[in-house]
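The structure under discussion appears below in the form of structure tokens.
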Amino acid sequence: MRKYFLFFTFCFLFTNAFAADLETYEKWGTHNKNGVQVRFNLGYAVGGTTPLPLPAEMREINRFSPYGGGNLGVECSKMFGTGKKRWGLAAGAHGFVHGMMTGARVKGYKMGIEQDGNSMAGYFTGMNETNVRLCGMTLPLKAVWRASSRWTIEAGPYLQFFLKKEFEGNVHDGYLRVNDPTGEKISMGSDNPATFDFSKDMRDANWGVAINFDWKATRHFSLYGNLDWGFSPVFRSDFQTIAFPMYSIYANVGVAYSLF
Amino acid sequence: MVLHSSKSLLGIISAAALTASCVAEEPLNKECDIERAVLHLSNASEVLDESVKQADCSIASTETDIFWKTLTPTSVVGEAALTLYATPGARILNADGSPYANGSTLHFGDEQRHNFRVVSEDGQWERLYTFSIVKPKGSAADEADTYSFKSNFNDPHMVWANESKGTGYYEWPAEGDLSDIWMDGVWKNGNPGFKLSKSSAMPEEYPSTLAVGAGPDGSNCVKLETMSTGSFGAMVKMPIAAGSFFNGEFDTSNATKAPLKATRFGSSMKYKPVSVNVWLRFEPGDVFCDEKGKEVPDVVDEPDFYVVVYRNTDAEGNKIMLQGDNVLTSPQIVGIARLPHRLNADGSNQMTNDPIHGVTAEWKEFTFNIDYREPLDPEVLAAKGYSIVIGASSSWFGATFKGACTDPKKGTQGNRLYLDNMSINVEN
């Protein structure tokens, strides 16, 4: 109870710290007389696809580079109430292209692959390199809160659909113990890595929670930061190769333009 | 304010990244292998046949019954200290469960077997190992005029991948006195490597298999067939596997990392081989493909059969085995015989549509007379200082993954080389 009390007190103080009069709110607001706003976003996307939390088998991430992607979207919001109209609801559609490359050292990483009726399973120790490239559409539905005349915070669930998905890579500089840790040891060199491609095992859709911070630089132009945190694993539930669920977490930073 | 906003944004992103980059505590080792064993003998080279196993040896991941062989049936090894090197963190226990005092002196006389249990660091896995020193049988093989180095390949036994499903491959035991000469008493081939790429393969779908009643005399014979390795083979850029047959060792652990080093050839012998007789039959495949699986027009794939005799000790006195990359080219070679093959002007191997190997679809007996480059040293011969290699492959360029392969997906038929009734003729 005490926790909630503190939270609400904080919110109240925070709100008051940014308190401004109705005139200021209207000056910065870009909603039409019906409380409707249309906003276009253009942003740069960085992030990755990762197991959460990182399993103990993953010993070290020695390389990570996001494939600098982009995000282009439109959002429509409707503010409710009268006066400052601080609360509302927003729906949007964002096209995105993003991805990453990561190199990790793993130890006793349990895996199993099935292809054309043949299977290979066991425990891998060594280096793993993964490339992920995703392209698709995100449809968020968010609550909107004008924290101050210039700050807007939005949060809510989203649905994501992939038009193109790629999850491929290789394992090298290590060995596989076939079936279990006492099985045959198969060495993998760096000059002849074993490649994998699990693109077909990825789900076509994903859901998660988005949170967006928007700060008005001018009345029409704002800077924003957005985080799309995937809550559904990126692979289908019958996919056994990777023993732990992996999630997509991508952030965008960019510029938004509001109509009206 | 702008600065502020970007900071809070960075905060959110780095919080996410932090969660992701928090590396958990290192898990304990699951493995429990003995990776190396050292038998402490001051006169190892005099009492042990180190061409079979050296006193200080590394142990393959599939090996759990480890034995050294004495040089002669009368060589004596009584006691020796044994040091074992296990996976880091693993514990080595005696048969009674007490910890093994590493380096203890053990009694090895009378081929006594010593059992050990190795338990992984995490305590979840264990393996059982046996160490012993055995004597060569040295029966008839000691008297060159009563030897029997004949092989009929009638009764291979199964190595199951999954016995209930009937998947697995054949392994041919060395027959007669060869069983004492061939390392661990069996002929080797690439089937253990093929099993990794095609776990569902039935015995007859392996590159080295048995042809029932198809021999020249109506008995069983060996069939070598170049096969596609499917999608797993493609993952490691090894699209085909030629049927192979040889004496020596096949190291599966290196089959994908360094395939030419995975095949180790030869067995030490104290008689001078003069020739090898073998019955051969060959059916060429449809389409010759390069290592990327791309069709090479106007080339007919060829079979390979060779006999090599080499000095198994290098200049520093270390025991060596020839491997896939030097079995036919090493300066250690003292004698060789091989199926004829066209060469380019610079001596390199020619791909041709008009091969000269002479093996046809009709059974025919071939005699491979060993062409010696130098006389054998009788003392070296008596100390098993020469090794003989007998090797066969359904595709001449199979080691570099070029050839005509059987691929059910493409509907192509690969090369097939059949062999039967082999004998090694040695000098009396």
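Letters go in sequence order (proteins before strands), and every chain restarts at 1.
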**OP:** Starting at CH2 of W125(B), measure out to OH of Y123(A) and round the result to the nearest 0.5 Å.
**Re:** 5.0 Å
**OP:** Could you check if a side-chain atom of T252(B) sits within less than 4.5 angstrom of a side-chain atom of K185(A), using non-hydrogen atoms only?
**Re:** no
Subject >> Proximal component of E126(B), with respect to chain A [non-hydrogen, under 4.5 Å] >> reply: backbone
**OP:** Can you tell which part of L176(A) gets under 4.5 Å to a heavy atom of chain B, answering side chain, backbone, both or neither?
**Re:** neither
Original post:
Do the side chains of R177(A) and D33(B) get nearer than 4.5 Å, heavy atoms only?
Top reply: yes
Subject >> Inter-residue atom distance M120(A).CE - K195(B).NZ, 0.5 Å rounding >> reply: 10.5 Å
**OP:** May I have the step-by-step check of side chain to side chain contact (heavy atoms under 4.5 Å, CB included) for M235(B) and N170(A), ending in yes or no?
**Re:** CA-CA 9 Å; M235(B) 276 169 64; N170(A) 66 71; over 6 Å; no
**OP:** For residues K107(A) and N29(B), determine if any side-chain heavy atom of one lies less than 4.5 Å from a side-chain heavy atom of the other.
**Re:** yes
Subject >> Pairwise distance CG(D180(A)) to CD(Q124(B)) - rounded to 0.5 angstrom >> reply: 12.0 Å
**OP:** Would you mind checking which part of Y175(A) comes under 4.5 Å of any heavy atom in chain B, side chain (CB onward), backbone (N, CA, C, O), both or neither?
**Re:** side chain
**OP:** Tell me, for S120(B) versus chain A, whether the close heavy atoms (under 4.5 Å) come from the side chain, the backbone, both or neither.
**Re:** neither
Subject >> Partner chain A: residue of P192(B), A234(B), S200(B) with the largest heavy-atom pair count (under 4.5 Å) >> reply: S200(B)
Original post:
Under a 4.5 Å cut-off applied to non-hydrogen side-chain atoms, are E26(B) and E57(A) in contact?
Top reply: no
Original post:
Do S231(B) and N118(A) touch side chain to side chain, with heavy atoms closer than 4.5 Å?
Top reply: no
Original post:
When heavy-atom pairs shorter than 4.5 Å are enumerated against chain B, which of G117(A), A194(A), G108(A), S119(A) gives the highest number?
Top reply: S119(A)
Original post:
Has the side chain of T256(B) got a donor or acceptor atom that lies under 3.5 Å from a matching backbone atom of M188(A)?
Top reply: no
Original post:
So which part of R59(A) gets closer than 4.5 Å to some heavy atom of chain B, the side chain, the backbone, both or neither?
Top reply: both
**OP:** Examine whether an atom of M58(A) lies under 4.5 Å from a heavy atom of chain B, and if so say whether it belongs to the side chain, the backbone or both; otherwise answer neither.
**Re:** backbone
**OP:** Output the option from G193(B), S61(B), C32(B) having the highest count of non-hydrogen pairs under 4.5 Å with chain A.
**Re:** S61(B)
Original post:
Which answer fits Y247(A), side chain, backbone, both or neither, if we ask what part of it has an atom under 4.5 Å from a heavy atom of chain B?
Top reply: neither
**OP:** Would you mind checking which part of E25(B) comes under 4.5 Å of any heavy atom in chain A, side chain (CB onward), backbone (N, CA, C, O), both or neither?
**Re:** backbone
Original post:
Are the side chain of S187(A) and the backbone N or O of K257(B) linked by a donor-acceptor pair below 3.5 Å?
Top reply: no
